[in-house]
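Below is one structure; the comments refer to it alone.
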Amino acid sequence: MNPNVERGGFLEQSRLNELLILEDRILEDRRMLVNMTREINNPESEFIKRKLATLEIELQHMSGQIDYMKRKCANSQQSLVNQPMNNQPMNNQSIPEMSVPRVTTQAVPTQTVPTQTVPTQAAPTMAKPAVQMSAVQISAVQSSVVQTPVKQTPINQTQYNAESDFEKTFGKSFMGIAASVLIFISIILFATLLLPMLGDGAKMAIMYIVSGAFLGIGAYRLNKDKDNKFNISLTGCGLGALFISLLLSNIYFKVLGDIPLYVLIAFWGCLVCIFAKNKNYIFQVIGEIGILIATIFGCLLCLEERDTTKFIALLVFYGITSAIFYLVNYEEEYFDNLCYHFFALIGSIVITAACERFSEMEGTIVHIIACVILLLNIVGSMSHKLDKEQVCFGTFTSVHIICMALITSYIVPDEAIWGIVVYVSAMIMTFVISFKKSELQGGLNTLSTTCVLIAFVGLIVNGSAYTYGFIWLMIIPLLVYGYVRNQLFYKVISLIMIYVYLFVHDYDQGVIHYIYMLVVLTVAYVCMNYFKKQYEKTQKGFLYAAVILFVGIYTYGFLADIFGYGDNTHEVIMTVVYVCYFLVNVLCYKVLFAYNYATGEKEENHIVFSIANLVAMGWGLALVSNGGSPAIHFINILVAFAAFMLKTKSALEQKDGKLSLNLYVGLKFTIFLITVLSSLDAANYVISIGCLLLAILLILVGFKGGYKYLRIYGLGLTMLSIFKLLMIDVQYENTLGNALSFFVSGILCFAISMTYNYLDKKMKD
């Protein structure tokens, strides 16, 4: 035997053994990767897809190389058998070397292998990936092996990009849902509108055959491959079609009695629980759509036939089937149950719209059952955790509450009683919501706002909001509850309701409203002082403004109820209200709202007081301009002057805005002087002389306090007054008066000049 042939056969057999060992290692790596992806439950990982694709390529390499080595070994053995006895040397055949591609996270080139392949162990179907290969596994893949001369072509990695993922998701999931919807509608149309030549029995038989076929085929296929979206869609479609068929048999064909229907629906619910144990969203969506379509059709049919009994049965079936899907697919987090709550929202709207028609019939039991279903939806929504985004929670649950309030109006037709019921229910719901714990308050605040608005509507409809001012029944509970629970939302809502109440009351009930509003403001002030740690300057400012508005708006109605609304009393009442407004404003600014309740330090509400004082100044000018009796006119002038004097010194001493504030002080006193003189019917030249006197006063104050811009304003006012005297006030009918006015004006101008010279010399000395 030729030793070269023996040595070549030995080397080929050794290489074959090495390749077989390496193949087993790659297969083991692949099995481990697939098992880990199933446990991790993440089928969409691009990294795992690339890893599995790489392992498949390496296995193809190994299969080709093993086939090649087996053929070489077979040839070697045949050569040994046919070897001539003369021991002639044989030409050694060289085996080309090749290396297996390295495993990377980049796109991997595919390699076309020879047509002959060796069967490899079938790996489990990839379900849900997300792991990394270990360094030992990668080194094993990178080990050198014999390579066959094969053609290499790059693999197209675009099948894993986002567009392909969207295409696969749409094709596998959404198309199944769309197909189920079309089939549901076709079953209803077939049973009610199409094939008039067929009898009811034939139609029902066809419905059940079609439903059973979908369900049977889907269940059979689902048993073989539980993760296949088509199988899930087919099974869900069959279950939905079966439910529609059962419902049509009872409501439309009137063949199936209520008791058998209840039994079959219970059996149907068991099937749902069995098939929904994997909690696949496709199955849930198809089932929910089937229930919704059946409910909509049932509502239309019951309304057309005006059949209250069938509608009650429909509501019961809807509640039971919805509860089955809810319980089977229940998750703790609200956002994870969004599919159910979305369809429940649509169902609530459909039921409410149908109940509106039944309000014209004898539908009290219908409305009660509908309210119970909506209440259960609300309770179900509140039972979830709210650790994620809450917009849907606040919006959907608010719609449920609004629908329940509407249905309640059908049960209680009397508006007054309905208003009380809705008010009490909404207020209870408001306080219950506040106990819901969540770091994200957006959805809860939306829901609470809805309840507050519904409670307010209940008071308005009841009539008490306008006639008796019972809105304080909302303000005080919300206000006290907000401070006791230290919840900003309820404090803000109560302050908003205070401002609403300021403008919606019935002015013919002045005394009652005055007492109610006084109680509300007193409670708010006491809460703000008692709960000092919750002090907020903004809230204090809003309450301060509410007190000022209360005095200005309510005092007139209060006094008018006592003294009457006659012309003789109007002037006196207006002056009394103005004096009260001014005094309360000063009291609030100096005492009630002057301090920080938490620290006890002095704190000014510049904005609120400034606005309130501007209102007092404008109000005083209006009263002074109207004149009236001398006593009333004099009181109005004094109070208005006091309002103009407030904060004058602080405005002049402010460092910021010296120019604007100095000009503001000079201008406001000029306007006040002109208004007072005009109300006394003073001649034009008297007004001019009065302005000159005011200008001198402003210049003196400017020199004394160092207010440069106030002095400049005084000089400007002097020039304007002289210009007015010369160009406007000169009238030759009264030469003595003109002469005296010019003489006095000249003296005043000399006085101004002397003042400037004196003060200038004094400053130089």
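Numbering starts at 1 and runs along the sequence shown. Below, all heavy atoms of this structure are taken into account, side chains as well, without hydrogens, waters or symmetry copies. These numbers were taken from a predicted model, which means no experiment stands behind them.
Residues that satisfy the side-chain contact (heavy atoms from CB on, under 4.5 Å) test with D681, not counting sequence neighbours, are absent from this structure. Remark: A455 pairs with Y423, A426, M427, M474 by the side-chain contact (heavy atoms from CB on, under 4.5 Å) rule, at least two apart or across chains.
Annotation: side-chain hydrogen bond (donor to acceptor under 3.5 Å, both in side chains) contacts involving residues 449-461, sequence neighbours excluded, comprise S398-T450.
Taking the ring axis of F435 as reference, the NZ or CZ atom of R485 stays within 45° of it and closer than 6.0 Å to the ring centre. A cation-pi contact, defined as under 6.0 Å to the ring centre and within 45° of the axis, links K491 to Y483.
Defined by atom type and a distance below 3.5 Å, a donor-acceptor pair is missing between the side-chain atoms of Y535 and T599. For H633 and S679, the side-chain atoms include at least one donor-acceptor pair closer than 3.5 Å. A donor-acceptor contact closer than 3.5 angstrom links the side chains of K668 and T648.
The minimum heavy-atom distance between Y595 and K590, with the atom names listed, is CE1-O, 4.3 Å.
By the 6.0 Å contact criterion, NZ on K704 is open, its count of non-hydrogen atoms from other residues, nucleotides or ligands being 12 or less.
Here L694 contributes atom CG and T670 contributes atom OG1; the two are 5.0 Å apart, rounded to the nearest 0.5 Å. Between atom CG of residue L692 and atom CG of residue L717 there is a gap of 7.0 Å, rounded to the nearest 0.5 Å.
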Check against side chain to side chain contact (heavy atoms under 4.5 Å, CB included), S678 and I687: CA-CA 8 Å; S678 298; I687 295 176; 4.0 Å; yes

Does F563 form a side chain to side chain contact (heavy atoms under 4.5 Å, CB included) with V572? I'd like the steps, not just the answer. CA-CA 10 Å; F563 299 104; V572 177; over 6 Å; no

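Comment: K540 engages E603 in a salt bridge, judged by a side-chain N to carboxylate O separation of less than 4.0 angstrom.
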